[in-house]
2 protein chains.
Amino acid sequence: MTKKITAGLEDYIEAISNKINQYGKVRPIDLSKELNVSRASVSEALKRLSELGYINYGRYGIISITDLGKKAAESVIERHTLLHYFLQNILWLDENEASDNACKIEHVISYNLLKNLKKFVEYNKKNPEFSLKFKDTLKNQ
Amino acid sequence: MTKKITAGLEDYIEAISNKINQYGKVRPIDLSKELNVSRASVSEALKRLSELGYINYGRYGIISITDLGKKAAESVIERHTLLHYFLQNILWLDENEASDNACKIEHVISYNLLKNLKKFVEYNKKNPEFSLKFKDTLKNQ
DNA sequence: TAAACATGTTAGGTCTTACTAACATTTTGT
DNA sequence: ACAAAATGTTAGTAAGACCTAACATGTTTA
């Protein structure tokens, strides 16, 4: 199991990983915009993540993720993706609301909840009638 | 919609309400044990809740909940109960894990997530085959 | 290339939440 | 009733997360 990290730092490592995957790099300013925090806060978070061994970073240097950071990022992103799918395709929340809620819930769920939710989503994909009928009942209200 | 309150204070107001419902009263020491925090932390939290108008409380006085506090407590407890049910009877987590996860998720979900989850749980109660079959697939692994 | 602008860092605050240790008050037990 | 134990509060400290303002460095462009 990956070492513990605060919800706040999980948000940073998640955003860093996503930006690097999308654009090949991230700058502090991108994180500032993405996470709606000041450049100063980003600077502090990067320093902390770097001290904890999740990223490589130095004064004015480029940001890269370590293996430890990659594991952490994959773990958060897995939780996020799964929750987002569940919220959007089973509870039928709209895109934005699914995303917002996933961003918060992803930091607090246990491993077994993740495991069972994963199986639930799989089972639902194989047997989609239930959630589709549920969707219909939502409309007629 | 009830005014915003931090996750921490929500835990306190929830515990206060539960204890009063169970025993007719609460003392700081009960909250300290229930929430696994120091007596000092409870003291501070009670002061804050009282300043915010959620409880009536003064030095060495008895603790009672205001109408505002009752609304807040009902709101958290509703979320908790619903999540607990979902986690225990649809995702099939055991009692303790359902409870622990509900305690954390209850603080971060949106109103629409609550609303749809409520409907989902209702729908599931009327059509329980899906979750029962899902339960079987969990066993055979 | 040098000024203007964008971006990054640091310094110094604030707020919330928690802690321990010390002190105050209340309750219990003899 | 009074000492001992339990409970409640206050003071002082710390960590996390955020902020603004000032300063440092990099980049763009006239």
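In what follows, chains carry the letters A, B, and so on, assigned in the order in which the sequence lines appear, proteins first and then strands, with residues in each chain numbered from 1. This is a predicted model, so every value here is computed, not measured.
- Residue order along DNA chain D, read from the 5' end via each residue's closest nucleotide, puts A7(A) first among A7(A) and A40(A).
- Expressed to the nearest 0.5 Å, how far CG of L9(A) lies from CG of L49(A) amounts to 5.0 Å.
- Distances shorter than 4.0 Å separate none of the side-chain N or O atoms of T6(B) from OP1 or OP2 on dT16(C).
- Summarising the geometry, the separation between CG on L49(A) and P on dA17(D) is reported as 10 Å, rounded to the nearest angstrom.
- Under 3.5 Å, the side chains of S43(B) and R39(B) contain no donor-acceptor pair of N or O atoms.
- In summary, of the residues considered (I109(A), N101(A), V121(A)), a side-chain contact (heavy atoms from CB on, under 4.5 Å) with L83(A) occurs for I109(A) alone.
- OP1 or OP2 of dC18(D) has at least one side-chain nitrogen or oxygen of Y12(A) nearer than 4.0 Å.
- Whole-Å rounding puts the I29(B) CD1 to dT28(C) C1' distance at 15 Å.
- Residue contacts for D11(B): at a heavy-atom cut-off of 4.0 Å it reaches no nucleic acid atom on any strand shown.
- In the set dG8(D), dA18(C), dG8(C), the nucleotide with an atom closest to the side chain of V37(B) is dA18(C).
- Among dT9(C), dC19(C), dG8(D), the nucleotide with an atom closest to any side-chain atom of E44(B) is dC19(C).
- In this structure, CD1 of I62(B) is placed 14 Å from P of dT26(C), rounded to the nearest angstrom.
- Within the nucleic acid shown, S38(A) comes within 4.0 Å of at least one base atom, counting heavy atoms only.
- Under 4.0 angstrom from either OP1 or OP2 of dT10(D) there lies at least one side-chain N or O belonging to R59(B).
- Following rounding to the nearest Å, R39(B) (CZ) and dA24(C) (P) show an atom-to-atom distance of 15 Å.
- Nearer to the 5' terminus of DNA chain C, by closest-nucleotide assignment, is the contact made by N36(B) (compared with the other of N36(B) and Y60(B)).
- Between S43(B) and dG8(D) there is no side-chain N or O to OP1 or OP2 distance below 4.0 Å.
- One atom, CG of L46(A), and another, P of dT7(C), lie 16 Å apart when rounded to the nearest Å.
- Remark: aromatic rings of F130(B) and F120(B) are distant, center separation not under 6.0 Å.
- For R27(B) and dT26(C), the shortest distance from a side-chain N or O to OP1 or OP2 is not below 4.0 Å.
- Rounded to an integer number of Å, the gap from E10(A) CD to dG16(D) P is 15 Å.
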| field | Derivation of the salt bridge (Lys or Arg N to Asp or Glu O under 4.0 Å) call for R79(B) and E14(B) | value | CA-CA 11 Å; R79(B) 276 172 273 150; E14(B) 185 182 11; over 6 Å; no

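- Remark: the N116(B) side chain and the K119(B) side chain contain no N/O donor-acceptor pair separated by less than 3.5 Å.
- Of the candidates dA17(D), dC19(C), dT9(D), the closest approach to any side-chain atom of L9(A) belongs to dA17(D).
- In this structure, the CD1 atom of I63(A) is 8 Å from the P atom of dG8(C), given to the nearest Å.
- If you check every strand for non-hydrogen atoms under 4.0 Å, S32(B) touches nothing.
- Regarding K4(A), its NZ atom lies at a distance of 16 Å from the C1' atom of dG16(D), rounded to whole Å.
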